[in-house]
S.K.: 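This is the structure, below, for whatever I ask next.
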Amino acid sequence: METASTPPTVWSQETALKEKRDVWQAMKRGFRGRCPRCGEGKLFRAFLKTADSCSVCGQDFTPHRADDLPAYLVIVIVGHIVVPLALMIETNYSPPVALQLAIYLPVTFVASLALLQPVKGAVVGMQWALRMHGFDEENPEP
C-alpha cells in the first residue's frame, strides 16, 4: 500500500519573485481594522468575526487562524500597564483595597476590550504578510 505524500517546498527563483508583502504595514492596517492587502476594505464584520473577504480587493480572510494569540497578547500588554501602575500607587499612597479594586478591575476590563479587536487585526495582518495558514496562493492549505 502506497502513501501519498506532498513534495517538500523547494526554493526557486519563481518563489522569490512573488508579490512582496510588508509585515509592518499589514499589521498596521490590521490593527486599524482594515484589509492587510489594500488597506481600504473592512477586516471585521462583527466585534471579533473577520469578514469572509475584503469588499474592495476581494482578499479571502477565511484561512486565518488567529485562535487564542490575540487574547494572550492583550493579557500581556494590559498586565504590563496595570500591574506596575497598581504597584506604584500601592507603594506611594496605600489606598484602601476596595478603592483599588473599584479602579483596577474596570480599567483592566475596558483596556482589554479596547485592545482585543486591534490586536486580532494585527495578528491576521501578520499571517497574511507571512503567507501563513492558507494566505499563500501557491500553496493553499485544505
Side-chain angles (χ1 to χ4, degrees), residues 3-142:
T3 58
S5 63
T6 58
T9 304
V10 178
W11 185 88
S12 66
Q13 190 172 10
E14 291 81 28
T15 59
L17 295 176
K18 289 194 261 185
E19 167 194 10
K20 299 290 183 196
R21 296 180 178 179
D22 184 14
V23 176
W24 294 110
Q25 183 181 37
M27 288 178 68
K28 282 190 260 183
R29 288 175 175 174
F31 191 84
R32 291 190 337 255
R34 298 292 171 199
C35 171
R37 179 197 244 172
C38 67
E40 298 294 324
K42 290 186 177 182
L43 182 59
F44 295 98
R45 62 181 161 95
F47 180 62
L48 291 177
K49 296 280 187 189
T50 56
D52 292 333
S53 63
C54 176
S55 60
V56 177
C57 69
Q59 173 65 48
D60 182 25
F61 298 128
T62 55
H64 91 85
R65 298 288 180 266
D67 297 332
D68 293 335
L69 180 61
Y72 291 131
L73 293 176
V74 167
I75 289 169
V76 168
I77 293 167
V78 173
H80 277 81
I81 294 169
V82 173
V83 171
L85 181 67
L87 290 173
M88 182 191 71
I89 291 173
E90 174 62 32
T91 303
N92 294 331
Y93 304 106
S94 297
V97 174
L99 178 62
Q100 292 183 57
L101 290 175
I103 295 171
Y104 303 137
L105 291 178
V107 166
T108 302
F109 180 72
V110 170
S112 297
L113 284 179
L115 280 176
L116 198 53
Q117 187 183 42
V119 169
K120 182 172 181 175
V123 168
V124 172
M126 180 186 68
Q127 290 177 346
W128 174 82
L130 297 177
R131 292 179 162 82
M132 296 170 64
H133 304 296
F135 282 122
D136 187 4
E137 297 84 15
E138 310 243 339
N139 189 17
E141 292 181 1

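Just so it is clear, the model here is predicted, and its values are computed rather than measured. Side chains included, hydrogens not; waters and symmetry mates left out as well; all remaining heavy atoms used.
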S.K.: Show the nearest heavy-atom pair for residues Met126 and Val23, with the distance to one decimal.
M.R.: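 Here Met126 and Val23 meet closest at CG-CG1, 4.4 Å.
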
S.K.: From Arg21 CZ over to Arg131 CZ, what is the distance, rounded to the nearest 0.5 angstrom?
M.R.: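 These two atoms lie 4.0 Å from each other.
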
S.K.: Is the positively charged end of Arg37 above the ring of Trp128, judged by distance under 6.0 angstrom from the centroid and angle within 45° of the axis?
M.R.: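 Not satisfied by the 6.0 Å and 45° rule.
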
S.K.: Okay, side chain of Arg45, backbone of Ala51: is any donor-acceptor separation there less than 3.5 Å?
M.R.: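 Side chain of Arg45 to backbone of Ala51, a donor-acceptor pair under 3.5 Å: no, none is there.
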
S.K.: Distance from Arg34 atom CZ to Glu40 atom CD, nearest 0.5 Å?
M.R.: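 One gets 7.5 Å once the value is rounded to the nearest 0.5 Å.
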
S.K.: Quick check for you: to the nearest 0.5 Å, what is the distance between Leu43 atom CG and Lys120 atom NZ?
M.R.: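 The distance works out to 8.5 Å.
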
S.K.: Please name the pair of heavy atoms, one in Leu48 and one in Leu116, separated by the smallest distance, quoted to 0.1 Å.
M.R.: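 Minimum heavy-atom separation between Leu48 and Leu116: CD1-CD2, 3.6 Å.
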
S.K.: Just verifying a value: how many Å separate Leu85 CG and Ile103 CD1, rounded to the nearest 0.5 Å?
M.R.: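 Answer for the CG-CD1 pair, Leu85 versus Ile103, is 9.0 Å.
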
S.K.: For the OH atom on Tyr93, are there more than 12 heavy atoms of other groups (residues, nucleotides or ligands in this structure) within a distance under 6.0 Å?
M.R.: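 Incorrect, the count does not exceed 12.
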
S.K.: Between Cys35 and Phe61, which heavy-atom pair has the shortest distance, and what is it?
M.R.: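 Answer, listing the atom of Cys35 first, then Phe61: SG-CZ, 3.8 Å.
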
S.K.: Might you point out which heavy atoms bring Met27 and Ala122 nearest each other, and give the distance in Å?
M.R.: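 Nearest heavy atoms, Met27 then Ala122: CG-O, 3.5 Å.
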
S.K.: Do Gln127 side-chain atoms and Arg65 backbone N/O form a donor-acceptor pair below 3.5 Å?
M.R.: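 Pair found, side chain donor or acceptor close to backbone of Arg65.
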
S.K.: NZ of Lys28 to CG of Asp22: how many Å apart, nearest 0.5 Å?
M.R.: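 Answer rounded to 0.5 Å: 7.5 Å.
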
S.K.: If I compare all heavy atoms of Gly79 with all of Pro84, which pair ends up nearest, and what's the gap?
M.R.: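 In this case the closest contact between Gly79 and Pro84 is O-CD, 3.6 Å.
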
S.K.: Which heavy atom of Phe44 sits nearest a heavy atom of Gly121, and at what distance?
M.R.: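 That would be CZ-N, 3.6 Å.
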
S.K.: For the OG atom of Ser112 and the CD1 atom of Ile75, what is their distance to the nearest 0.5 Å?
M.R.: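 Here the rounded value is 7.5 Å.
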
